[in-house]
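Since the structure comes first, as structure tokens, the remarks are kept for the end.
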Amino acid sequence: GAGVSQSPSNKVTEKGKDVELRCDPISGHTALYWYRQSLGQGLEFLIYFQGNSAPDKSGLPSDRFSAERTGGSVSTLTIQRTQQEDSAVYLCASSLGELRNSPLHFGNGTRLTVT
Amino acid sequence: QKEVEQDPGPLSVPEGAIVSLNCTYSNSAFQYFMWYRQYSRKGPELLMYTYSSGNKEDGRFTAQVDKSSKYISLFIRDSQPSDSATYLCAMTLTSGGSYIPTFGRGTSLIVHP
């Protein structure tokens, strides 16, 4: 079956513009995560969705960042008024979510460059 | 201090060498430990996971957890050029709250022929 799909794979935008990043998780996976990976840095947690529960937004770095998950499937991460420090690879992952050893399956990310 | 520390490398070894990759952590409540491999311009993929202390072996890979020292390791035997990638450790709590893995920054491994 298909893995986690992210689009676009690359995005170049001007400072101050808004961007939307999309994630299609693996069918049947109830948990969905967004992480950010900057050059030479580890994965920085952004937001977590589990089923119909309220999302865990504790990792969002500012109120310019928001995410939603429609119908328990596709998720969109929105960054408003982009800044140069937002340049990074944004990774989405999904998992079965109900077991603590349920592995995360990652997409190949969206490489965001803010000029 | 980050919760999970990992030397970014790069670590360069000749083909056939035994590779040792390590992470230390500060939160003694971590119980599940994972290793992910990430090739350039790809997402991380799960290599191994272990629960609590001990060793786990899978082919050329061995994961080791020492909870008393808050130290985990991944050993790669007979390393191959195809093992060249970034290796990220990750860990989660066992109880309370949501299941959100905390990742190290990754170690870049280069295996040269």
Side-chain angles (χ1 to χ4, degrees), chain A residues 2-10 21 23-26 29-60 88-111, chain B residues 1-10 21-27 29-52 54 56 58 63 65 85-108:
Chain A
V4 176
S5 178
Q6 290 188 247
S7 61
S9 54
N10 286 281
L21 312 179
C23 174
D24 276 281
I26 293 173
H29 280 191
T30 59
L32 187 147
Y33 309 74
W34 284 97
Y35 283 86
R36 178 169 71 175
Q37 188 173 35
S38 302
L39 188 63
Q41 301 299 311
L43 272 66
E44 175 190 4
F45 165 71
L46 297 177
I47 189 169
Y48 164 75
F49 296 89
Q50 170 57 56
N52 295 321
S53 302
D56 182 335
K57 304 179 183 179
S58 60
L60 295 178
V89 176
Y90 289 81
L91 290 161
C92 175
S94 69
S95 78
L96 290 173
E98 295 174 354
L99 299 173
R100 292 199 173 271
N101 61 347
S102 177
L104 271 64
H105 298 263
F106 283 87
N108 287 327
T110 293
R111 186 173 300 270
Chain B
Q1 183 191 8
K2 282 180 172 284
E3 274 194 299
V4 180
E5 298 281 358
Q6 186 175 11
D7 187 331
L21 304 165
N22 313 292
C23 288
T24 58
Y25 60 95
S26 56
N27 189 344
F30 284 132
Q31 291 280 0
Y32 280 103
F33 303 92
M34 293 149 281
W35 285 95
Y36 284 80
R37 178 176 61 196
Q38 185 177 23
Y39 291 114
S40 180
R41 295 187 173 268
K42 297 290 187 182
E45 56 178 335
L46 181 69
L47 264 182
M48 298 189 70
Y49 73 85
T50 54
Y51 173 68
S52 195
K56 184 173 182 178
D58 183 2
V65 174
T86 296
Y87 290 79
L88 300 115
C89 63
M91 45 200 78
T92 63
L93 306 173
T94 51
S95 61
S98 53
Y99 168 45
I100 301 171
T102 300
F103 284 81
R105 61 190 295 187
T107 299
S108 175

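Only a predicted model underlies this, so the values are computations on that prediction, with no experimental measurement involved. Each chain gets a letter, A, B and so on, in the order its sequence line appears, and its residues count up from 1.
In terms of the side-chain hydrogen bond (donor to acceptor under 3.5 Å, both in side chains) criterion, B/T102 has no residue partners (sequence neighbours excluded). Remark: B/R105 pairs with no residue by the salt bridge (charged side-chain N to carboxylate O under 4.0 Å, His left out) rule, at least two apart or across chains.
Looking at A/L91, only its side chain comes within 4.5 Å of chain B, counting heavy atoms on both sides. Heavy atoms of B/P44 lying under 4.5 Å from chain A belong to its backbone as well as its side chain. Contacts of A/Q37 with chain B are made by side-chain atoms alone, with heavy-atom separations under 4.5 Å and no backbone atom involved. Residue contact with chain A, scored on non-hydrogen atoms closer than 4.5 Å, is absent for B/Q6. For B/Y36, the part lying near chain A is the side chain, with the backbone staying farther off; criterion is any non-hydrogen pair under 4.5 Å.
Of the inter-residue distances, the one linking A/D56 atom CG with A/L46 atom CG reads 11.0 Å to the nearest 0.5 angstrom.
Between the A/Q6 side chain and the A/C92 main chain, a donor and an acceptor come within less than 3.5 Å of each other.
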(request) Report the C-alpha distance between A/N108 and B/R41 in whole Å, list the side-chain angles of each, state the deciding distance to 0.1 Å, and finish with yes or no for side chain to side chain contact (heavy atoms under 4.5 Å, CB included). (result) CA-CA 7 Å; A/N108 287 327; B/R41 295 187 173 268; over 6 Å; no

